[in-house]
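This report refers to the structure that appears directly beneath it.
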Amino acid sequence: MANINTAGVDPTKMGVGRAIAVLTSGGDAQGMNAAVRATVRVGLYTGAKVFFVHEGYQGLVDGGDHIRPATWESVSMMLQLGGTVIGSARCKDFQTREGRLKAAFNLVKLGVTNLCVIGGDGSLTGANIFRTEWSDLLKDLISKGKITKEEAKTSSHLNIVGMVGSIDNDFCGTDMTIGTDSALHRIIEVVDSITTTAQSHQRAFILEVMGRHCGYLALVTALACGADWVFIPEMPPDDGWEDHLCRRLTETRKAGSRLNVIIVAEGAINKEGKPITCDQLKDLVTKRLGYDTRATTLGHVQRGGTPSAFDRVLGSRMGVEAVMALLEATPETPACVVSLSGNQAVRLPLMECVQVTKDVTVAMNEGRFDDAVKLRGRSFENNWNTYKLLAHVRPPETKSNINVAILNVGAPCAGMNAAVRTAVRIGIIQGHNMLAVHDGFEGLAEEKPITWNTVGDWTGKGGSELGTKRVLPGKYMEEISLNIAKYNIHALVIIGGFEAFSGALEMVQGREKYEELCIPMVIIPATVSNNVPGSDFSIGADTALNTITTVRDTAHTLSGCTVYKYHNDYQPIFVNNFINLKKVFRFFLIDLTIQLKVKEISLCSKSQFHATDLLVFFQNAYTLLFKHLGG
């Protein structure tokens, strides 16, 4: 990853005399605005001129007011916005040489020789074609007298960098594309809502999510919600899947579950390449099993809404890397795409990644589905293998006689229960006996068996179902060693934050005195603080960041709010820019307050809204409401 503080180079001078244009193309994705914002601000920081290209490639072709200078202030307040503020459009004109000639003319006249494109593989491929033709386009413009030779010399080559904005995560070469995480948040919110009503009525729900050519959203959704079955285009089900599906749903119900969840990618197919649809699955489950079944298609709700914290950070980091890639490029540098690898923003050859993406489609069309999964990348393949393991409902009859204890330590956080569920089920699949330790290290005296069905619905639950404490094992070391021997524990899985890390270290140090502690121990980092050594990202940190981000967005929206409402001879109602409960209630009372005179009830106080004030406020509000209604 590039370092903006390059040794020996003044970062504020790197872009002097250069001009960068940024555009978004194709389908919108949450987080695109973060990428645009980062591109603009880093470009300006380096001394470069930066231009917005509005309405994607269409704006590049049309020119004029569609290409406007960007300022530091022009990208304020856009980090938290979904979609793309500068607009996106499908452009047939740019697919023609004549259209690209117009686009080249518009860029040359503005002195732009660096183009940042945020979009899918089609948009990025178009950018590469534009770059490849650039020299010939300049010659045509000179021959037609539209530009001078001096202008052509100044703009002799075009640098291209791409960032992938796509909720489908269908671009090979990056672990995550901009917008994918936000789309997953939308989907999981819906799944969580659906499961409550499904449990109430013992229903089966079939949920279709986006993914015409890529099953990433469907696969990760199934993994995150513990779905009974998932259909994805990269790996169609085996022949006879209908019987297998019905058998699995039946076994799940017999095990005590009150609901079934099936996730379907919109591009799901069978081995013959025929579509598998929600309606088809609904008819199958209803007719064969008699279950009350509902089908839901999410559609564009997945594409909308505010970006998640992850997508804001991802877009920002990619935007920084994109500007550095443009400023460091030479005429011989191939077009690159900024990708996420592990936890790093990296540059990869654009067309190599595009080709691998196309190879996935070829592999699926030829029925080489195992190859398609591998070509999607290590992350996709690991998710698929993990889901297949966790989807089993028939634990092996052969036991290993190995006892594995699992416990949570430290403050609870979102995702702990999902980690416990996965560890328990993977252990059971291996034939091990899994023991639940309640209340952290203190609970090692009271291990209890934990079963496959016990953790069945733990995926979406917050906190810690096992209970957790911050107590370290130091003063209980003798008791812990005795209980490890008593319950014949062969291994420990410790899920938690820095306390878990410190506690495990204490137990390792205690091995010199207590040989019972000489067993394998595994730490799974789980803490909102993200402070466990050796891990870039801890369980719970992402959920905490999204909670903070949501609160910040609300506060940011309200903090600059000055609202004036008029009704006949009534005075304006003024809501000042301070954060307290009155701002929350303003949303509920706005229609009422339009009708009420300020002299009867005031919303203008700058004092803190305490509980007593709140009671008085509502008493006055209800009195005036009934008076207004004549009640």
Side-chain angles (χ1 to χ4, degrees), residues 22-39 56 75 78-90 116-125 127 161-191 208-221 224 232 265-267 298-322 337-341 343 345 353-354 357 376-377 379-380 383 542 545-546 549-550 553:
V22 57
L23 64 86
T24 54
S25 177
D28 64 302
Q30 309 96 319
M32 278 185 166
N33 290 322
V36 171
R37 174 180 177 272
T39 302
V75 292
M78 67 187 294
L79 187 65
Q80 70 272 25
L81 300 178
T84 166
V85 170
I86 60 176
S88 179
R90 310 286 183 183
C116 179
V117 178
I118 308 169
D121 61 331
S123 301
L124 301 185
T125 301
V161 66
M163 289 180 274
V164 188
S166 168
I167 69 167
D168 292 337
N169 202 30
D170 55 356
F171 190 83
C172 295
T174 183
D175 291 343
M176 288 280 273
T177 57
I178 296 171
T180 302
D181 186 71
S182 299
L184 285 170
H185 278 275
R186 299 292 98 77
I187 297 169
I188 294 301
E189 287 170 4
V190 172
V191 171
E208 181 186 289
V209 301
M210 282 187 170
R212 189 175 299 118
H213 304 294
C214 178
Y216 184 88
L217 287 178
L219 175 57
V220 176
T221 297
I232 59 175
E266 63 177 320
L298 289 190
H300 282 76
V301 69
Q302 299 159 85
R303 202 183 286 279
T306 58
S308 66
F310 182 90
D311 273 328
R312 299 182 200 199
V313 174
L314 178 63
S316 298
R317 292 176 64 187
M318 285 187 169
V320 172
E321 189 70 19
V337 60
V338 178
S339 301
L340 182 71
S341 179
N343 196 35
C353 296
V354 169
T357 303
R376 282 288 181 214
S379 176
F380 189 97
N383 285 332
D542 183 64
L545 280 173
N546 278 290
T549 302
T550 301
D553 288 347

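Please read these numbers as outputs of a predicted model, since none were measured by experiment.
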| request: Could you go through the side chain to side chain contact (heavy atoms under 4.5 Å, CB included) check for Phe310 and Thr180 one step at a time? | output: CA-CA 10 Å; Phe310 182 90; Thr180 302; over 6 Å; no
| note | Residue set satisfying side-chain contact (heavy atoms from CB on, under 4.5 Å) with Ala34, at least two apart, ordered chain then number -> Leu79, Ser316
| request: Please name the pair of heavy atoms, one in Ile188 and one in Ala224, separated by the smallest distance, quoted to 0.1 Å. | output: CD1-CB, 3.7 Å
| message | Enumerate the side chain to side chain donor-acceptor pair (under 3.5 Å) contacts for residues 23-35, please, sequence neighbours excluded, ordered by first and then second residue. | response | Thr24-Thr84, Ser25-Ser123
| Residue pair Ala345 / Val338: nearest heavy atoms and the distance that separates them | CB-CG1, 4.3 Å
| task | Could you tell me whether a side-chain N or O of Asp311 sits under 3.5 Å from a main-chain N or O of Ile178, the two making a donor and an acceptor? | result | no
| request: For the residue pair Val36 and Val85, establish whether any side-chain heavy-atom pair is separated by less than 4.5 Å. | output: no
| query | Among all residues two or more places apart in sequence or in another chain, which pass the side chain to side chain donor-acceptor pair (under 3.5 Å) test with Arg312? | reply | Asp553
| said: As an exercise, state the distance from CG of Asp542 to CG of Asn546, rounded to the nearest 0.5 Å. | reply: 5.0 Å
| message | Going by the rule side-chain contact (heavy atoms from CB on, under 4.5 Å), which residues pair with Val75 if we only count those two or more places apart in sequence or in a different chain? | response | Arg37, Val40, Arg41, Phe52, Met78
| query | Residues in side-chain contact (heavy atoms from CB on, under 4.5 Å) with His300, at least two apart? | reply | Met210, Arg303
| Where Pro307 and Ser182 come nearest, the two heavy atoms and their spacing | CA-OG, 3.2 Å
| query | Side chains of Asn343 and Arg317: closer than 4.5 Å at any heavy-atom pair? | reply | yes
| In Å, rounded to the nearest 0.5 Å, how long is the span from OG1 of Thr221 to CG of Leu184? | 5.0 Å
| said: So which atom in Met32 and which in Gly83 form the shortest heavy-atom distance, rounded to 0.1 Å? | reply: CB-O, 3.8 Å
| Going by atom types alone, do Ser308 and Asp181 pair a side-chain donor with an acceptor below 3.5 Å? | yes
| query | Looking only at heavy atoms, what is the nearest atom pair of Leu298 and Val301, with distance? | reply | O-CG1, 3.1 Å
| request: Could you tell me whether a side-chain N or O of Glu266 sits under 3.5 Å from a main-chain N or O of Gly211, the two making a donor and an acceptor? | output: yes
Extract all donor-acceptor atom pairs below 3.5 Å that involve side chains of residues 162-174 and protein atoms in other chains or at least two apart in sequence.
| residue | atom | partner | partner atom | Å |
| --- | --- | --- | --- | --- |
| Ser166 | OG | Asp168 | N | 3.3 |
| Ser166 | OG | Asp170 | OD1 | 3.1 |
| Asn169 | OD1 | Thr177 | N | 3.0 |
| Asn169 | ND2 | Asp175 | O | 3.2 |
| Thr174 | OG1 | Met176 | O | 2.9 |
| Thr174 | OG1 | Leu340 | N | 2.9 |

| message | So, taking the atom named OG1 in Thr357 and the one named CG in Leu124, what distance separates them when rounded to the nearest 0.5 Å? | response | 9.5 Å
| query | If you measure from CG on Leu81 to OG1 on Thr306, what distance do you get to the nearest 0.5 Å? | reply | 9.0 Å
| request: State, to 0.1 Å, how close Gly315 and Ala38 come at their nearest heavy-atom pair, and which atoms those are. | output: O-CB, 4.3 Å
| query | Do the side chain of Ser88 and the main chain of Gly26 share a donor and acceptor less than 3.5 angstrom apart? | reply | yes
